[in-house]
Amino acid sequence: MSQIFHPSMNTLSRLSIFGALFFALGLLILAYLIQGSPYQTQVGVVREQPVAFSHEHHVRGLGIDCRYCHTSVETSSFAGIPPTHTCMSCHSQIWSTSPMLEPVRASLANNRPIHWNRVHDLPNFVYFNHGIHVQKGVGCVSCHGRVDLMPMMWKEQPMTMSWCLECHRNPEKHLRPKEEVFNMNWEPPDGDQLAIGRELVERNHIPVDRLTNCSTCHR
């Protein structure tokens, strides 16, 4: 009986099978890398804004507290964007004719809000409450980074589900006294973050066992 296929086809078939497996594995690895890359998460990407607002200048340089502009951050689900009147409370006197601030003056004159481009934009199926995080002692730096060192605002953390869950499983790594939540320079006494974090978990009645329930973030 004659042989239809040359014996070398056995080797080729094995190589094809292993090649397909490695190709599929490579695609999975590539997808994983893309998902965690700045292209997808937008970490470190500076968003162009209608006005070149510098947090570094206003927070570090002038010492303006976060709550002066983000008035609802302690009590509401969102931090809030300052209305034009907040900007003009200073800029009606300071840099009042600067070309860079023309969009701010036009906003006030036309009674139309400035349309800022969102830096942190969670999906609609995610429920997030700024107020509860602040009240429990999560500092601005934990999520937003050193805003006082940002000439232009960028996203410091990926804000992915895995990133949020890591914090919800181990909140003691990120807690600080409530009076230090807005202090960009705060460091834990003696550098022992875990010790003070565990104490704050108890003091602030944080239900760690329920923080990873689906209904906590998806309602």
Side-chain angles (χ1 to χ4, degrees), residues 30-74 76-91 94-108 110 112-126 128-131 133-134 138-167 173-174 176 180-187 217:
L30 180 62
Y32 175 79
L33 292 175
I34 291 176
Q35 183 182 15
S37 70
Y39 174 79
Q40 180 69 23
T41 64
Q42 296 294 295
V43 169
V45 177
V46 174
R47 290 292 182 90
E48 185 178 353
Q49 301 293 350
V51 180
F53 179 87
S54 171
H55 277 84
E56 181 182 37
H57 171 67
H58 289 82
V59 179
R60 188 183 188 192
L62 302 178
I64 297 177
D65 189 279
C66 305
R67 291 161 290 187
Y68 182 76
C69 296
H70 303 290
T71 55
S72 60
V73 68
E74 293 179 282
S76 176
S77 61
F78 54 90
I81 296 296
T84 305
H85 284 87
T86 300
C87 305
M88 291 302 291
S89 62
C90 291
H91 287 299
I94 303 171
W95 286 21
S96 57
T97 59
S98 170
M100 183 175 67
L101 297 177
E102 177 55 34
V104 181
R105 294 191 293 271
S107 170
L108 184 70
N110 299 323
R112 293 181 179 177
I114 299 172
H115 293 286
W116 301 95
N117 295 315
R118 292 183 68 106
V119 176
H120 303 87
D121 191 9
L122 294 177
N124 292 333
F125 55 79
V126 177
F128 178 83
N129 188 300
H130 259 100
H133 286 78
V134 170
V138 179
C140 303
V141 174
S142 292
C143 298
H144 299 297
R146 289 295 302 270
V147 175
D148 59 322
L149 301 180
M150 297 181 183
M152 294 293 289
M153 191 68 183
W154 62 78
K155 190 178 180 182
E156 182 73 13
Q157 300 292 349
M159 306 290 179
T160 58
M161 181 175 177
S162 60
W163 181 82
C164 294
L165 281 173
E166 193 284 326
C167 183
K173 294 181 179 180
H174 305 279
R176 57 178 65 192
E180 303 292 351
V181 165
F182 301 98
N183 182 359
M184 298 286 167
N185 298 307
W186 183 82
E187 296 290 341
C217 301

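Remember, it's a predicted structure, so these values are computed and weren't measured experimentally. Every heavy atom of this structure was used, including side-chain atoms; hydrogens, water molecules and symmetry mates were not.
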Is L149 close to R60 at the side-chain level, that is, under 4.5 Å between some pair of heavy atoms? yes
Test of understanding: with side-chain contact (heavy atoms from CB on, under 4.5 Å), list the residues that count as partners of V134, not counting sequence neighbours. V73, E74, V181, F182
Is the closest side-chain heavy-atom distance between W154 and V45 below 4.5 Å? no
Sub-4.5 Å side-chain heavy-atom contact between H174 and E166: yes
About how many Å separate CG of N185 and CG of D148, when rounded to the nearest 0.5 Å? 6.0 Å
Would you say M150 and E156 make side-chain contact, with heavy atoms under 4.5 Å? yes
With sequence neighbours excluded, tell me which residues meet side-chain contact (heavy atoms from CB on, under 4.5 Å) with S72. S76, F78
Could you list the donor-acceptor pairs under 3.5 angstrom formed between side-chain atoms of residues 158-165 and any protein atom two or more places apart in sequence or on another chain?
from: T160; atom 1: OG1; to: S162; atom 2: OG; distance (Å): 3.2
from: T160; atom 1: OG1; to: W163; atom 2: N; distance (Å): 3.3
from: W163; atom 1: NE1; to: Q157; atom 2: OE1; distance (Å): 3.2

Nearest-0.5 Å distance, SG of residue C90 to CD1 of residue I64: 5.5 Å
If I take atom CD from residue Q42 and atom NZ from residue K155, how far apart are they, to the nearest 0.5 angstrom? 7.0 Å
Going from OG on S142 to NE2 on H133, what distance comes out if it is rounded to the nearest 0.5 angstrom? 10.0 Å
For S89, all residues meeting side-chain contact (heavy atoms from CB on, under 4.5 Å), sequence neighbours excluded: Y68
Which distance, rounded to the nearest 0.5 Å, do you find between the CG of L101 and the SG of C87? 8.5 Å
C140 versus M184: any side-chain heavy-atom pair under 4.5 Å? yes
List for me each residue that meets side-chain contact (heavy atoms from CB on, under 4.5 Å) alongside M88, sequence neighbours excluded, and say none if there are none. T84, H91, S92, V104, R105, L108
Identify every side-chain donor-acceptor pair in residues 47-54 under 3.5 Å, counting partners at least two apart or on other chains, and give the distances.
from: R47; atom 1: NH1; to: R118; atom 2: O; distance (Å): 2.7
from: Q49; atom 1: OE1; to: N117; atom 2: N; distance (Å): 2.8
from: Q49; atom 1: NE2; to: N117; atom 2: O; distance (Å): 2.8
from: S54; atom 1: OG; to: E56; atom 2: N; distance (Å): 3.4
from: S54; atom 1: OG; to: H57; atom 2: N; distance (Å): 3.0
from: S54; atom 1: OG; to: P151; atom 2: O; distance (Å): 3.3

Starting at NE2 of H58, measure out to SG of C69 and round the result to the nearest 0.5 Å. 7.5 Å
